[in-house]
Amino acid sequence: MKIKYFAWIKDITNLEEEEINLDKVKNLEGLKIYITEKYPDLKKYMKKKVLRFAINQEYIVKNTNLSDEDEIAIFPPVSGG
Amino acid sequence: MKIKYFAWIKDITNLEEEEINLDKVKNLEGLKIYITEKYPDLKKYMKKKVLRFAINQEYIVKNTNLSDEDEIAIFPPVSGG
Amino acid sequence: MIKIQKEDFNSEVEINKIKKLHSNVGAVSSFIGYVRDENNNKAVRSINLEVYQEMAHKQFEKIINEANLKWKLEDSLIIHRYGKLEVNSKIVLVACFSKHRKESFESCNFIMDYLKKDAPFWKNEFYGDKNEWLSNSN
Amino acid sequence: MIKIQKEDFNSEVEINKIKKLHSNVGAVSSFIGYVRDENNNKAVRSINLEVYQEMAHKQFEKIINEANLKWKLEDSLIIHRYGKLEVNSKIVLVACFSKHRKESFESCNFIMDYLKKDAPFWKNEFYGDKNEWLSNSN
């Protein structure tokens, strides 16, 4: 599946998007664990619940199974308008 | 003093403005009596309290003395905006 | 800024003229009123909007002063047309300029309320070969 | 109508394009947001506004659908810019088109509330040689 990062999250991941293998990550909670291991600097933001998640351009709060075609986005609170 | 009429009031008075002699009219109540005598078709609107009065471009509700330099306006409820 | 005029106006131009005086303005809320093609179930062709000019100016100034007492506004604009206006023509533009959104929204609505109630304008609506004077419901 | 673009827009032109489709529209309420010269007591030079385009489109559609469920709107417009924006530049235009005033006012405010809360845009503010990512307070 494709993971996209926005705003200052990109400064931590050093990339805008990446493909993640479904074998490692089955659902949103699994993804959270996976990326905090991969990017330890994300951990404190994960703990503070600062990060927002979207699956296929819809906000997701509860744990959800992920499929290979999903586009996941991880980003900080928005500041549009 | 100068009396100005607006909207359909003009259709009753058949004029847009006129000068009224201060000897006949000392205050707003006097003016109301004077114009309903001069224009009997205004009487029913006066009774229904449909008419609005302004002295020198300010709304007036209470009786007020009038002076020779005053500009009085008589008009129906507004419909701007 | 208060303008009472027969001519049409360009809201982008009018708003920009004021906005460019205030780099601290982040929010402009505005309202444009138009002549509708229908009112009270009758097909409207045009309106004739009569105004008591001197009084309209005075009332608009009063309204803007009141809004400035209630909200922190950087600037405000009222343009009100009069005369013969066809269907789809603009009648009025009210725009309020403030740092943040809340002030501009609330003051714009307040000015429109007040304007509808007190501004000395009278609409004569034309339907086919008939016409009728209106009054605002509130 | 939803537009997410780098380019500036002309609010008169954009509003007219929609208004001319609806002769029954008597009321257009709109909001324009601008880049302010100051934020949190710091002098702002410009911002860089990042967007998640596909999601922004989806969220704007959702917001407009919600507004249409709550109010009787004839049409609505959201234009949101992204990219590098200097002080005084327009960021966003929201305009709501309805027969009467109340609907357009309330829905325009509602859309702005929702947009600030949910639309996936991120402001990176530049002050002198520093910069800072913002988040909306509400």
Side-chain angles (χ1 to χ4, degrees), chain C residues 8-16 18-39 43-45 47 74 85-102 104-113 115-116 123 136-138, chain D residues 8-16 18-39 43-45 47 74 85-102 104-113 115-116 123 136-138:
Chain C
D8 195 13
F9 52 83
N10 181 311
S11 60
E12 171 82 13
V13 170
E14 299 291 343
I15 287 172
N16 275 354
I18 295 178
K19 163 58 194 160
K20 73 179 178 193
L21 306 173
H22 307 280
S23 291
N24 61 345
V25 162
V28 176
S29 293
S30 62
F31 177 82
I32 307 176
Y34 296 87
V35 181
R36 296 178 56 223
D37 63 358
E38 183 259 316
N39 198 21
V44 176
R45 281 196 175 180
I47 66 170
E74 304 304 316
L85 300 173
E86 302 292 335
V87 165
N88 291 323
S89 302
K90 298 185 208 102
I91 303 170
V92 66
L93 168 67
V94 169
C96 292
F97 301 70
S98 59
K99 287 185 184 167
H100 304 290
R101 183 165 53 108
K102 191 173 182 290
S104 70
F105 250 111
E106 292 181 358
S107 57
C108 185
N109 206 6
F110 169 86
I111 289 175
M112 278 305 303
D113 274 343
L115 188 157
K116 288 235 168 211
K123 283 191 186 115
N136 281 338
S137 42
N138 50 344
Chain D
D8 194 13
F9 52 84
N10 181 311
S11 61
E12 171 82 14
V13 170
E14 299 291 342
I15 287 173
N16 275 354
I18 295 179
K19 163 55 194 161
K20 73 180 179 193
L21 306 173
H22 308 281
S23 291
N24 61 345
V25 162
V28 176
S29 294
S30 62
F31 177 82
I32 306 177
Y34 297 86
V35 182
R36 295 176 58 223
D37 62 358
E38 183 260 317
N39 199 21
V44 177
R45 280 194 175 182
I47 65 170
E74 304 304 317
L85 300 173
E86 303 292 335
V87 165
N88 291 323
S89 302
K90 296 183 209 104
I91 302 170
V92 65
L93 168 67
V94 169
C96 292
F97 301 71
S98 59
K99 287 184 185 168
H100 305 289
R101 183 164 54 106
K102 191 173 181 294
S104 70
F105 250 111
E106 292 182 358
S107 57
C108 185
N109 207 7
F110 170 85
I111 289 175
M112 278 304 304
D113 274 341
L115 186 157
K116 288 233 168 213
K123 285 192 185 114
N136 281 336
S137 42
N138 49 345

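Everything numeric in this text was worked out from a predicted model, so none of it was measured. Letters A, B, ... mirror the listed sequences (proteins, then strands); counts begin at 1.
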Measure the shortest side-chain to side-chain distance between C108(D) and F105(C) over non-hydrogen atoms and say whether it is less than 4.5 angstrom.
yes
How long is the straight-line distance from CD of E12(D) back to CD1 of I32(C), given to the nearest 0.5 Å?
6.5 Å
Which atom pair, heavy atoms only, marks the closest approach of Y34(D) to V28(C)?
CE1-CG2, 3.4 Å
Interface residue of largest heavy-atom contact number with chain C, from E38(D), K99(D), K102(D), K20(D), under 4.5 Å
K99(D)
Relative to chain D, which segment of V87(C) carries a heavy atom at a distance below 4.5 Å: side chain, backbone, both, or neither?
side chain
Looking only at non-hydrogen atoms, find the nearest pair between R101(D) and D113(C) and report the distance.
NH2-OD1, 3.0 Å
Do S104(C) and F31(D) come close enough that some side-chain heavy atom pair is under 4.5 Å?
yes
What part of C96(C) gets closer than 4.5 Å to chain D, counting heavy atoms only: side chain, backbone, both or neither?
neither
Checking heavy atoms, do the side chain of F97(D), its backbone, both or neither come under 4.5 Å from chain C?
neither
When heavy-atom pairs shorter than 4.5 Å are enumerated against chain D, which of V35(C), N88(C), N39(C) gives the highest number?
N88(C)
Leading residue by heavy atom contact count with chain D [cutoff under 4.5 Å; candidates S11(C), S29(C), S30(C)]
S30(C)
Under a 4.5 Å cutoff for heavy-atom pairs, which residue among I15(D), V92(D), N24(D) has the most contacts with chain C?
N24(D)
Applying a strict 4.5 Å limit to non-hydrogen atoms, the region of I91(D) in contact with chain C is neither
